[in-house]
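Below is one structure, written out as structure tokens, with a few remarks after it.
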Amino acid sequence: MDTLDDPCFNCEGTQGPTTEILYGHAICDACKGTLGLYQDATIEKHRAAYAEKQQLDPAAPSFQDELYRRLEKLEKDFILRKIKFMHMLDRLEKMHG
């Protein structure tokens, strides 16, 4: 877990000091501003749209369920890519020492 003493995970401190720990990651104000985080009103608009879809189709996921599904897919994709890159590095080490 990062602390405020750690550099920003994104710019490694080149844009400014870490000012916040966001979901376990140190981040500076400059990088946080580029994340495009949604305002509460936008989140609520999306939640309401999903709720309307659920009224028409009770089997449709809620907005929260959809976010969890996307997060799980993102994590699996990350693992697949990490394995691929680690395999390439391992093969290079074995081929070229």
Side-chain angles (χ1 to χ4, degrees):
M1 169 103 17
D2 287 351
T3 68
L4 289 175
D5 293 330
D6 292 319
C8 173
F9 82 94
N10 189 44
C11 71
E12 298 182 1
T14 61
Q15 299 295 315
T18 295
T19 56
E20 188 173 348
I21 305 300
L22 195 58
Y23 306 105
H25 303 283
I27 192 164
C28 68
D29 285 339
C31 290
K32 184 179 177 185
T34 65
L35 289 177
L37 298 175
Y38 289 173
Q39 299 293 320
D40 287 352
T42 304
I43 295 168
E44 181 56 28
K45 181 178 78 174
H46 287 290
R47 189 210 56 80
Y50 272 78
E52 280 184 31
K53 290 178 188 175
Q54 278 189 307
Q55 286 180 352
L56 299 173
D57 178 8
S62 69
F63 184 49
Q64 187 173 358
D65 289 341
E66 179 64 12
L67 291 175
Y68 281 124
R69 184 193 70 77
R70 290 182 188 189
L71 187 57
E72 184 177 331
K73 184 174 179 358
L74 180 68
E75 289 172 349
K76 286 180 181 179
D77 186 52
F78 170 77
I79 292 168
L80 290 171
R81 290 171 189 252
K82 184 177 180 180
I83 289 170
K84 183 176 181 177
F85 289 135
M86 291 176 78
H87 169 75
M88 287 188 287
L89 286 169
D90 183 49
R91 296 306 305 148
L92 281 170
E93 181 66 30
K94 286 179 179 162
M95 292 185 313
H96 299 285

Answer yes or no: is there a side-chain heavy-atom contact under 4.5 Å between K32 and L37? yes
Cluster link I43 to L67, ILVMFWY, side chain under 4.5 Å: yes
Output the distance between atom CD (E93) and atom CE (M88), rounded to the nearest 0.5 Å. 15.0 Å
Could you check whether the rings of H25 and F9 sit parallel, tilted or perpendicular, using 30° and 60° as the cut-offs? tilted
State, to 0.1 Å, how close C28 and G16 come at their nearest heavy-atom pair, and which atoms those are. CB-O, 3.7 Å
Tell me if the CG atom of D40 is crowded by more than 12 foreign heavy atoms within 6.0 Å. no
So, using side chain to side chain contact (heavy atoms under 4.5 Å, CB included) as the criterion, who are the partners of E66 when residues are at least two apart? Y50, P61, R69, R70
Measure the CG-NE2 distance between L92 and H87 for me, rounded to the nearest 0.5 Å. 9.5 Å
Provide the closest heavy-atom pair for T18 versus P7 in the form atom of the first, atom of the second, distance. OG1-C, 3.3 Å
Could you check whether atom CE of M86 has more than 12 heavy atoms from other residues, nucleotides or ligands sitting under 6.0 Å from it? no
Atom NZ of K45 and atom CD of Q39: how far apart are they, to the nearest 0.5 Å? 12.0 Å
How long is the gap from CD1 on I83 to CZ on F78, to the nearest 0.5 Å? 10.0 Å
Enclosure of E12 CD (heavy-atom neighbours >12, cutoff 6.0 Å): no
Kindly compute the distance separating CD1 (I21) from CD1 (I27), expressed to the nearest 0.5 Å. 9.5 Å
Nearest 0.5 Å, please: how far is CD in Q15 from CG in N10? 8.5 Å
Thinking salt bridges, do R81 and D77 make one under a 4.0 Å N-O criterion? yes
